[in-house]
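The next block holds one structure in the form of structure tokens; read it before the comments.
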Number of protein chains: 2
Amino acid sequence: MSHSQSSTLAAAAEDRLRREIFDGQLPPGTRLAEAAEARRLGVSRVPVREAFAALERDGLLEFTETGRTVVKKLTPQDFEELFALRLLLEPSAARAAFPLSQKHRLLLEENLSATRNAKTLDEVTRLDLEFHQLIVAASGNARLLKLWRSLRSELELWLGYLHRQHRDQDLNTRVGTAGSHEEILLCFQTRSAPACEKLMREHILGWREWLPLSDENPSK
Amino acid sequence: MSHSQSSTLAAAAEDRLRREIFDGQLPPGTRLAEAAEARRLGVSRVPVREAFAALERDGLLEFTETGRTVVKKLTPQDFEELFALRLLLEPSAARAAFPLSQKHRLLLEENLSATRNAKTLDEVTRLDLEFHQLIVAASGNARLLKLWRSLRSELELWLGYLHRQHRDQDLNTRVGTAGSHEEILLCFQTRSAPACEKLMREHILGWREWLPLSDENPSK
DNA sequence: ATGGCTCCTACGGTATACCGAATCGTGAAA
DNA sequence: TTTCACGATTCGGTATACCGTAGGAGCCAT
């Protein structure tokens with residue numbers, strides 16, 4: 001664990017494992033053992049154990065009945081669940097976030113500006129999720145934000161898989177996402193809470209639409 | 001940790017601490033130290049540490065910036081957030097749960113039967129939450145159930161506080177809850193998905209209504 | 001060749017020990 | 001009396017060690 005800004009070894013281990021799972025270095029189904037990962041990461045089993053626990057509650061790992069730890073396999077069914085929950089949570093969050101506070105308006109504008117300047121697909125994806133999270137945060141319901149964040153890791157995992165499978169096509173469709181976000185922010189500034197809710201709903205439905213799904217999936 | 005059906009000491013410690021928090025033996029704001037709790041529970045620090053982590057993610061404990069562990073204080077604001085989320089999640093779950101599978105219908109009927117025979121207020125409360133959880137589970141969305149369960153502990157905590165403050169009055173109003181649940185099950189068997197969604201929404205609104213709030217709260 | 005049994009290994013659960021940092025109490029100085 | 005500083009204590013983070021058990025490999029019997 002040579003360099004990492006995390007204050008605790010457990011957090012550093014969690015970050016690293018999370019990244020390795022996202023990057024596909026630890027494909028779904030991989031069995032992880034505390035001792036082995038501890039050796040590999042150069043720490044003892046205790047921080048690794050805590051990292052496993054954290055990643056499990058984020059849905060990236062899975063504990064079997066017998067205590068084994070496995071990188072979770074995501075099925076199209078899993079994705080449909082995530083989609084259904086976004087469709088449930090985010091429009092409501094948008095409605096509650098209206099009207100936007102000065103602070104959150106600025107944060108969203110910064111996000112859009114960063115998105116316009118983004119160079120890589122991963123960066124655009126991260127900013128995309130960040131935009132949505134900002135709106136959930138703006139709703140003022142801390143627990144709602146917590147629920148959303150608990151879905152975020154799995155979402156990122158899915159998007160990562162999809163990007164690796166359709167590296168070419170996504171870059172174009174991504175432009176649409178950014179424009180859609182600008183439209184949403186404009187809606188917050190010029191229209192009503194129900195309008196924002198409706199627009200967010202349509203945005204997520206559209207997002208579901210252009211995602212290439214169910215032809216190939218990373219599980220099994 | 002003399003007797004407990006939990007297979008692991010960490011789970012047993014978690015159960016015990018959870019119960020003590022619910023019972024009010026560990027009032028909000030109480031500072032918990034790993035070593036002290038380990039001595040008190042007769043285990044080492046490791047299981048206690050894991051129990052703390054689990055209870056923190058359940059919202060019953062709180063880690064301060066400096067790493068201290070404190071029993072969380074619930075404010076009326078917290079309760080409003082929980083209420084808003086139930087109002088968002090559960091009606092949708094009811095819609096998705098329609099039509100009820102044989103299995104879930106039986107489970108709900110068992111629940112109502114147990115409620116009719118219940119003797120103590122705590123038991124009725126537990127069965128009440130169980131009824132709602134069953135419907136969320138019947139929605140078929142495992143992640144939705146996970147989100148709901150993550151709210152349950154805090155909900156139980158709140159209800160526990162309220163019961164201790166209004167021990168007399170609640171017993172009567174509880175009868176209404178049970179009847180309301182029967183109505184909901186009937187709706188599932190005789191009407192439509194939107195009807196169930198609407199009824200669930202009204203049920204939760206009614207629940208919010210009769211709860212004695214904002215006059216006294218356990219925080220600060 | 002196949003099914004089952006046994007032994008061995010690897011893994012997770014737990015206890016204990018060590019360390020640095022934060023906290024609190026105490027006493028000295030202003 | 002108040003305040004500041006310093007030492008003792010506590011606490012959380014981490015490492016290491018021990019134990020029981022589950023899984024797997026190899027062997028034997030059929």
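Keep in mind it's a predicted model, so treat the numbers as computed, not measured. A note on names: the letters A, B, ... follow the listed sequences, proteins ahead of strands, and every chain is numbered from 1.
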Under 4.0 Å: is that the gap between some side-chain N or O of Arg45(B) and OP1 or OP2 of dT14(C)?
no
Is any side-chain N or O of Thr8(A) closer than 4.0 Å to OP1 or OP2 of dG12(D)?
no
Under 4.0 angstrom, heavy atoms only, what part of the nucleic acid is Ala10(B) near: base, sugar-phosphate, or nothing?
sugar-phosphate
Would you give the length of the straight line joining atom CZ of Arg208(B) to atom CZ of Arg86(B), rounded to the nearest 0.5 angstrom?
12.0 Å
Atom pair CZ/CZ of Arg57(A) and Phe63(A) - distance to nearest 0.5 Å
11.0 Å
Over how many whole Å does the gap from [X] atom [atom1] to [N] atom [atom2] extend?
X        : N       : atom1 : atom2 : value
Leu32(A) : dC11(C) : CG    : P     : 11 Å
Glu62(A) : dG12(C) : CD    : C1'   : 17 Å
Glu34(B) : dT23(C) : CD    : P     : 16 Å
Arg39(A) : dG12(C) : CZ    : P     : 11 Å

Counting neighbours of CZ on Arg116(B) that are heavy atoms of other residues, nucleotides or ligands and sit closer than 6.0 Å, is the number greater than 12?
yes
Within 6.0 angstrom of Arg40(B) CZ, more than 12 heavy atoms from elsewhere
yes
Is Asp78(B) salt-bridged to Lys72(B), cutoff N-O under 4.0 Å?
no
Taking NZ, NE, NH1 and NH2 as the nitrogens, is one of them in Glu80(A) or Arg143(B) under 4.0 Å from a carboxylate oxygen of the other?
no
Given dA15(C), dG13(C), dA15(D), the nucleotide with the shortest approach to the side chain of Leu9(B):
dA15(C)
Look at the side chain of Pro47(A) and decide which nucleotide, out of dT14(D), dT14(C), dG12(C), has an atom nearest to it.
dT14(D)
For residues 63-72 of chain B, which residues have at least one heavy atom under 4.0 Å from DNA chain C?
Thr66(B), Arg68(B)
Closest to the 5' end of DNA chain D, once Arg31(B) and Glu50(A) are matched to their nearest nucleotides, is Arg31(B)
